[in-house]
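Predicted, not measured: the structure shown is a model, and the values here were computed from it.
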Amino acid sequence: ATSLDGFIAKDNNDISFLSTVEVKGEDYGYGEFIKTVDTVIMGRKTYDKVLSFGIEFPHKNKKCYVLSQSRTGKDEHVEFFNGDIGILIQKIRKTKGLNIFIDGGSEVIHELMKQNLIDKFIISVIPHMLGGGIRLFNPGRPEITLKLIRSSSFPSGLVQLEYERGERLKQKAAYL
């Protein structure tokens, strides 16, 4: 999810703007989407943020990797990984299974884009402008041509955009 002006959080990692589109009973297609995924990759800051919510870990039935330069090994939810993310994605794609969900943050997305490893982008645009903060897409990434697959708007004002790379890989797809 991103603000209309392209930020995923304020500079202090505050994501409270996301609550402006919270509607009881509305999951914006997440329930159906997550059924297509068996592997989740996220950055350590995103993982720490998820744990700070004080709720049950949302990906407990998935294989989860957290990219971290400071943590190694495993905990009750995830395996920490500090190598080349491209090698990790190649390894996962060689196994049978479903798709890979990239659950943030911007540094992980940036590295995957630099290596041309994201096949599909599903971006929920929140009708809110933060004016600054942590960008969804950092500068210095390659140019990518995408094809619009679907767009949906919701009464809350959220607009969801789904784009695919020109030629999608036939293997496990990595989704943002």
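- A heavy-atom distance below 4.5 Å is not found between the side chains of Thr39 and Thr95.
- Within the model, atoms CD1 of Ile8 and CD1 of Ile15 stand 9.0 Å from one another, a figure rounded to the nearest 0.5 Å.
- Using a distance-only test at 3.5 Å, with no hydrogens or angles considered, no donor-acceptor pair links the side chain of Arg44 to the main chain of Phe80.
- When the side chains of ILVMFWY residues are joined at heavy-atom separations under 4.5 Å, either directly or via intervening members, Phe137 and Leu4 end up in a single hydrophobic cluster.
- The side-chain hydrogen bond (donor to acceptor under 3.5 Å, both in side chains) pairs that include a residue from residues 80-91 are Asp84-Gln115, where partners are two or more places apart or lie in different chains.
- Between the side chains of Ser68 and Tyr47, no donor-acceptor pair of N or O atoms lies under 3.5 Å.
- Here the OG1 atom belonging to Thr145 is positioned 13.5 Å from the CD atom belonging to Glu164, to the nearest 0.5 angstrom.
- When atom types are taken as modelled, the side chain of Asp5 and the backbone of Met129 share no donor-acceptor pair closer than 3.5 angstrom.
- The neighbour count for Lys63 NZ, taken as heavy atoms of other residues, nucleotides or ligands under 6.0 Å away, is above 12.
- If you take CD1 on Ile126 and CZ on Phe17, they are separated by 6.0 Å, rounding to the nearest 0.5 Å.
- Note: the hydrophobic cluster containing Ile85 does not contain Ile87 (ILVMFWY, side chain heavy atoms under 4.5 Å, direct or indirect links).
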### Message
Please determine whether side-chain contact (heavy atoms from CB on, under 4.5 Å) holds for the pair Leu98 and Val37, giving the CA-CA distance in whole Å, both sets of side-chain angles, and the decisive distance to 0.1 Å.
### Response
CA-CA 5 Å; Leu98 302 173; Val37 170; 5.6 Å; no
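- Side-chain contact check for Asn116 versus Arg165: some heavy-atom pair is nearer than 4.5 Å.
- Tracing side-chain contacts under 4.5 Å through hydrophobic residues (I, L, V, M, F, W, Y), one never reaches Ile149 starting from Ile102; they form parts of separate clusters.
- Tyr28 places a side-chain N or O within donor-acceptor distance of the main-chain N or O of Val21, the cut-off being under 3.5 Å.
- Residue Lys45 qualifies as open at atom NZ: its count of foreign heavy atoms under 6.0 Å is 12 or below.
- Listed for the Ser106 side chain is no donor-acceptor partner under 3.5 Å among the backbone atoms of Leu136.
- In this view, Glu111 and Lys114 satisfy the salt bridge (Lys or Arg N to Asp or Glu O under 4.0 Å) rule, not counting sequence neighbours.
- The closest donor-acceptor contact from the side chain of Lys62 to the backbone of Ile34 lies under 3.5 Å.
- Judged purely by distance below 3.5 Å, without hydrogens or angles, the side chains of Gln160 and Arg150 pair a donor atom with an acceptor atom.
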### Task
Apply side-chain contact (heavy atoms from CB on, under 4.5 Å) to the pair Phe154 and Val23, showing each step before the final yes or no.
CA-CA 10 Å; Phe154 297 86; Val23 176; over 6 Å; no
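- The two residues Ala1 and Leu18 have their closest heavy-atom pair at CB-CD2, 3.7 Å.
- We find the OG-CG distance between Ser52 and Asn13 to be 9.5 Å, quoted to the nearest 0.5 Å.
- Put simply, the side chain of Ile144 does not reach to within 4.5 Å of the side chain of Ile118, judged on heavy atoms.
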### Message
Walk me through whether Val66 and Asp75 qualify under side-chain contact (heavy atoms from CB on, under 4.5 Å).
### Response
CA-CA 10 Å; Val66 170; Asp75 71 12; over 6 Å; no
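- Of all non-hydrogen atoms in Ile122 and Glu162, the two that sit nearest each other are CG1-CG, 3.8 Å.
- Summarising the geometry, atom CZ belonging to Arg141 is positioned 10.0 Å from atom CD belonging to Glu143; distances are rounded to the nearest 0.5 Å.
- In this structure Tyr30 satisfies the ring-ring contact (aromatic ring centres under 6.0 Å, His included) test with no other residue, sequence neighbours excluded.
- Rounding to the nearest 0.5 angstrom, the gap separating the CD1 atom in Ile100 from the CG atom in Leu117 is 9.0 Å.
- Contact of the Ile89 side chain with the Ile41 side chain is registered, since non-hydrogen atoms from C-beta on lie closer than 4.5 Å.
- When all heavy atoms are compared, the tightest approach of Phe57 to Cys64 is CE2-SG, 3.8 Å.
- For the pair Glu107 (side chain) and Gly43 (backbone), a donor-acceptor distance under 3.5 Å is absent.
- A pairwise comparison of heavy atoms in Lys10 and Ile134 identifies O-CD1, 3.6 Å as the closest pair.
- In plain terms, the two heavy atoms of Leu161 and Tyr163 that are nearest each other are CB-CE1, 3.6 Å.
- In this structure a side-chain-to-backbone donor-acceptor pair under 3.5 Å is missing from Asp103 to Met42.
- Pairing each heavy atom of Ser156 with each of Pro127, the nearest pair is O-CG, 3.9 Å.
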